[in-house]
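Each ligand, and each atom within it, is numbered from 1 in the order the structure gives. Hydrogens, waters and symmetry mates play no part in the numbers below; they use all other heavy atoms, side chains included.
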Amino acid sequence: MLTLESACRNPERHRVLTGDRPTGPLHLGHYFGTLQNRVRLQDAGVELFLVIADYQVLTDRDVADRPAVHAENLVLDYLAAGIDPERATVFTHSSVPALNQLLLPFLSLVSVAELGRNPTVKDEIAHSRQAAVSGLMFTYPVHQAADILFCKPDLVPVGQDQLPHLEVTRTIARRFNDRYRTDLFPEPQALLSPAPLLAGTDGGKMSKSRGNAIPLGATEDETARLIRAATTDADRRIGYDPERRPQVSGLLRLAALCQDRDPHAVAEDIGSGGAARLKAAVTEAVNEHLRPLRARRTALAADRGHLRQVLRAGSERANAVADTTLAEVRAAMGSV
Ligand code: ATP
Ligand code: MG
């Protein structure tokens with residue numbers, strides 16, 4: 001099993017791909033779930049690809065209107081968090097046509113029943129507020145396989161919700177290699193952080209599209225307002241018990257991650273102070289932790305041209321890699 005430490009020890013042996021959907025600003029769930037690991041791997045010298053999965057946003061009609069703006073803002077969040085465009089390749093799915101050509105052979109390698117069983121697709125469908133499930137939504141994990149496998153990474157830093165998707169990618173890699181008697185694709189492994197499923201202000205998975213997120217780029221006042229509106233319970237004695245008190249425990253965990261402490265210790269400090277003291281402590285911890293990132297973000301936001309340039313350069317590099325892989329796939333399949 002690959003760990004962050006082992007990958008960082010031998011950076012030249014690894015390649016990482018990971019990404020986000022441009023459905024809104026990045027939040028603390030991304031930051032503690034995958035973004036910190038991406039930056040650590042990059043800083044250790046591991047080659048990093050970041051895909052902004054803009055075509056996947058077409059599955060959410062209510063937010064499909066501004067993916068290009070969201071994509072630029074994702075770049076802003078990445079750079080503020082420490083992604084270095086000189087070392088990492090940041091690109092949008094839509095700017096790399098070969099990805100969609102990988103999709104058809106990949107679709108032939110999975111059954112409809114397998115896609116129907118995918119728990120993350122089921123969950124995303126349940127939250128999509130759509131009357132009918134589109135073919136695009138249903139085949140989501142297969143697009144993701146193309147987005148991942150084109151650059152043949154061995155490691156994918158993701159949150160826990162992505163594990164079933166990554167399993168589909170691994171299956172596709174294995175079946176492609178078996179069917180065409182090749183070793184073209186590695187079976188990439190997931191890299192989970194210690195916070196693989198950070199809770200939002202309602203106690204459920206923090207998500208851009210569920211109205212429960214604390215964006216990295218929020219102001220300190222907005223952060224305070226979001227945390228003040230978080231759901232808690234009536235017990236004034238604050239304790240860390242994720243099973244019985246998911247909302248209070250989610251908030252404690254957030255403060256603990258920001259302060260690099262144990263959530264039980266954070267709870268001890270608050271004692272019988274109730275939800276108001278808990279929320280004040282969490283707000284302070286989050287704002288304190290994010291202050292340097294937010295300062296960098298504000299400075300970077302002044303130059304939108306630079307953000308677009310990062311995407312252009314990333315897209316050029318990703319296209320070169322994807323075209324090579326597509327040629328190899330065609331050769332393996334015996335077609336030209
Ligand atoms: P959406 O609501 O549009 O699906 P999202 O907030 O779930 O947005 P994604 O772009 O789908 O964000 O996910 C990007 C990456 O961040 C994935 O690897 C995902 O697992 C991870 N991630 C998202 N939310 C969390 C979270 N709350 N805790 C840990 N990791 C997360
Ligand atoms: Mg998601």
Does any N or O atom in Asp161 lie less than 3.5 angstrom from one in ligand 1, N or O only?
yes
Are any of the N or O atoms of Thr34 closer than 3.5 Å to those of ligand 1?
no
Going by the 4.0 angstrom heavy-atom rule, the piece of Thr18 near ligand 1 is neither
Numbering the atoms of ligand 1 from 1, which are under 4.0 Å from a heavy atom of His27?
6 (O), 24 (N)
Would you mind listing which atoms of ligand 1 come within a distance below 4.0 Å of any non-hydrogen atom of Pro196?
28 (N), 29 (C), 30 (N)
Is a salt bridge present between Asp154 and Arg15, judged by a nitrogen-to-oxygen distance below 4.0 Å?
no
Would you call Arg170 and Glu167 a salt bridge, using N to O less than 4.0 angstrom?
yes
In terms of heavy-atom contacts, does CG of Asp260 have more than 12 from other residues, nucleotides or ligands at under 6.0 Å?
no
With heavy-atom distances below 4.0 Å as the criterion, list the atoms of ligand 1 near Ser207.
2 (O), 6 (O), 7 (O)
Is the number of heavy atoms from other residues, nucleotides or ligands under 6.0 Å of Glu316 CD greater than 12?
no
Sorted by chain and number, sequence neighbours left out, ring pair (Phe, Tyr, Trp, His ring centres under 6.0 Å) with Tyr31 holds for His289
What atoms in ligand 1 come closer than 4.0 Å to a heavy atom of Met206?
24 (N), 25 (C), 26 (C), 27 (N)
Should you measure from each heavy atom of Gln162, which atoms of ligand 1 turn up under 4.0 Å away?
17 (C), 18 (O), 19 (C), 20 (O)
How about Lys205 and Gln160: do any of their side-chain heavy atoms sit closer than 4.5 Å?
no
Are Arg317 and Glu47 within salt-bridge range, i.e. N to O under 4.0 Å?
yes
Taking the side chain as C-beta and beyond, is there a heavy-atom pair between Leu41 and Arg38 under 4.5 Å?
no
Side chain to side chain, Gln42 and Asp84, heavy atoms closer than 4.5 Å:
yes
Would you indicate whether the side-chain heavy atoms of Phe91 and Val321 approach each other to under 4.5 Å?
no
Mind checking whether Gly19 has a heavy atom under 4.0 Å from ligand 1?
yes
If I apply the N/O under 3.5 Å rule, does Gly33 come out as touching ligand 1?
no
Got an N/O contact under 3.5 Å between Thr23 and ligand 1?
yes
Are any of the N or O atoms of Leu198 closer than 3.5 Å to those of ligand 1?
yes
Any N or O of Ala195 closer than 3.5 Å to N or O of ligand 1
no
Decide whether an N or O pair under 3.5 Å exists between Arg21 and ligand 1.
yes
Numbered in order shown, the ligand 1 atoms found under 4.0 Å of a heavy atom of Val158 are 18 (O)
For the 3.5 Å polar cut-off, considering only N or O atoms, please tell me whether Lys205 and ligand 1 meet it.
yes
Any nitrogen or oxygen of Lys208, main chain or side chain, under 3.5 Å from a nitrogen or oxygen of ligand 1?
yes
Salt-bridge contact Asp43-Arg87 (side-chain N to carboxylate O under 4.0 Å):
yes
Taking only non-hydrogen atoms of Gly159 and a 4.0 Å limit, the atoms of ligand 1 in range are 18 (O), 19 (C), 20 (O), 21 (C), 30 (N)
